[in-house]
Amino acid sequence: MTWKRSYQESLFREIVVDNFAGGGGASTGIELATGRPVDIAINHDPAAIAMHKANHPETEHYCESVWEVDPRKVVRGRQVGLCWLSPDCTHFSKAKGGKPRKKSIRGLAWVALRWAATVRPRVIILENVEEFKTWGPLDKEGYPIKEKQGRTFNTFVNALKRQGYAVDWRELRACDYGAPTIRKRFFLIARCDGRPIVWPEPTHGDPNSPAVRAGKLKPWRTAAEIIDWSIPCPSIFERKKPLAENTLRRIARGLVKFVINSERLFIVKQDNVFHIIRNHSDLVSAFLAQYHTETAGHEVRGQSLDQPLLTQDTSNRFALVTAHLVKFRGTNTGQSMDEPLHTVTAGGNHHGLVYAFLVAYYGSSIGQSLNDPLGTVTTHDRYGLVLVRIDGVLYEIVDIGMRMLEPHELFAAQGFPPEYIIDRDYTGKPYPKSEQVARCGNSVPPPFAEALVKANLPELCELTMPAARRRGAV
């Protein structure tokens, strides 16, 4: 076909542009698909550009507002095969809560029309939160006008169509494409080359789904995969500064939901590769607690480790909690802490420090000490000693550990390759953890970009060397 021949002849002159490049999530996914770095990256944030430069040194970087960059000048006559845009989503997201929005930030997406009208990229891909579809006018106080939700979005789509683009959009989940996070995002694809818009088929799915059981899809990658088990999880009872009451409440609720009442415990055995967890217990049951503002009595914010990680934002919201378990030894009730230690036998150390307490299964209570009078007894069972039965064997909780997830764990959850540089910029200047986490929360999971580019620009992926080879992977 004539169009195919002329199209292939122009491939080597096409370039890839990443607007709102951030720390490089989309660029990384594009590179994984095409085997070559993106040609142009644009972002107004010097810190983001510095991280992008560290990982994509061959890219042309523009640390400017997207409105200050003239597409014709930076393209320099080259054809644009792909223009990727990830405009600021905070003033669309429901995470913004009841705060007013800024029209200027919501309007950043209009830069797609500037690129379409000036250099006519063959394919445009825009990524944002799912609420992007509700883009509409704001009132004088900056709040969305409910009756006009979606009007600006429709105008935006029609403007692209008037430029000769076919347009389609869909919401995708990162866990369906190989990232161990459930992060859901809105994607809009526009193309002007007459070829169809293609939505990539999922590669992963719910482990219990027929497709996974039949071997058609891989099971979702889980949060457990990204945990660095070599990092100690210190006891919450040995901290110099006691944890806040809300934190203790989260831990207690999580223990009730994910350990005590769970039918599917995530168990780390002490004699396997995870033996580095600091404890002398027989088993360790682990889960993630999630830090968000909450009201007493509300549903637990957290998750089991056998599921993909919940969506990560720009703050570190996840803490690994480990419940250390030992077999409950029948009638052996132990001893008081104000007595001399009982005889230690040659058979080993049979003494464990047991933090026994009662867990209350209602309201905002996080439980009570056994030294205090029992709280009001209701007509239903409301209290329980912290015991767990696993495969018919009764265990008691002897210690509880907690630590926040580290930035490299969070980046792994987003689907970044392990060699991605997150702790320093291209000059070697170190990044504090807060900045690393912020870059992660704002990032596009690379598997998203990789799957979308492979589906819609396969010819760019076929005519370049594999990204795995370029990045030095085996």
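No hydrogens, no waters, no symmetry mates; every other heavy atom, side chains included, goes into these values.
With no hydrogens or angles considered, no side-chain donor-acceptor pair links T222 and W220 at under 3.5 Å. Counting only N and O atoms by type, the side chains of H56 and E31 include a donor and acceptor under 3.5 Å apart. Neither side chain, H52 nor T59, offers a donor N or O lying under 3.5 Å from an acceptor on the other. There is no side-chain donor-acceptor pair under 3.5 Å between R151 and N154.
Within the structure, salt bridge (Lys or Arg N to Asp or Glu O under 4.0 Å) contacts touching residues 405-416 (residues at least two apart or in different chains) are R403-E409, E406-K433.
The shortest side-chain heavy-atom distance between L452 and L172 falls under the 4.5 Å cut-off. The shortest side-chain heavy-atom distance between L309 and I182 does not fall under the 4.5 Å cut-off. Side-chain contact between V17 and V38 is absent, with no heavy atoms from C-beta onward closer than 4.5 Å.
In this structure Q149 satisfies the side chain to side chain donor-acceptor pair (under 3.5 Å) test with no other residue, sequence neighbours excluded. Qualifying side-chain contact (heavy atoms from CB on, under 4.5 Å) partners for D39, counting only residues two or more places apart in sequence or in other chains: I15, V16, R36. Under the rule for a side chain to side chain donor-acceptor pair (under 3.5 Å), Q436 has no partner lying at least two apart in sequence or in another chain. Here P202 pairs with D176, Y177 under the side-chain contact (heavy atoms from CB on, under 4.5 Å) rule; sequence neighbours left out. Residues meeting the salt bridge (charged side-chain N to carboxylate O under 4.0 Å, His left out) test with R120, sequence neighbours left out: none. In this structure, the side chain to side chain donor-acceptor pair (under 3.5 Å) partners of K133, at least two apart in sequence or on a different chain, are E171. Applying the side-chain contact (heavy atoms from CB on, under 4.5 Å) rule to A455 yields the partners V198, P200; only residues at least two apart in sequence or on another chain are considered. Applying the ring pair (Phe, Tyr, Trp, His ring centres under 6.0 Å) rule to F416 yields the partners F411, Y420; only residues at least two apart in sequence or on another chain are considered. For R213, there are no salt bridge (charged side-chain N to carboxylate O under 4.0 Å, His left out) partners at least two apart in sequence or on another chain. With sequence neighbours left out, E60 forms a side-chain contact (heavy atoms from CB on, under 4.5 Å) with I40, Y62, R76, R78. The side chain to side chain donor-acceptor pair (under 3.5 Å) search around N158 returns none, not counting sequence neighbours.
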W169 vs F187, test: ring pair (Phe, Tyr, Trp, His ring centres under 6.0 Å). Steps then yes/no. CA-CA 5 Å; W169 57 90; F187 291 92; over 10 Å; no
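Note that the CG atom of L243 and the CG atom of L248 stand 5.0 Å from one another [nearest 0.5 Å].
A centroid separation of 6.0 Å or more is found between the aromatic rings of F186 and W135.
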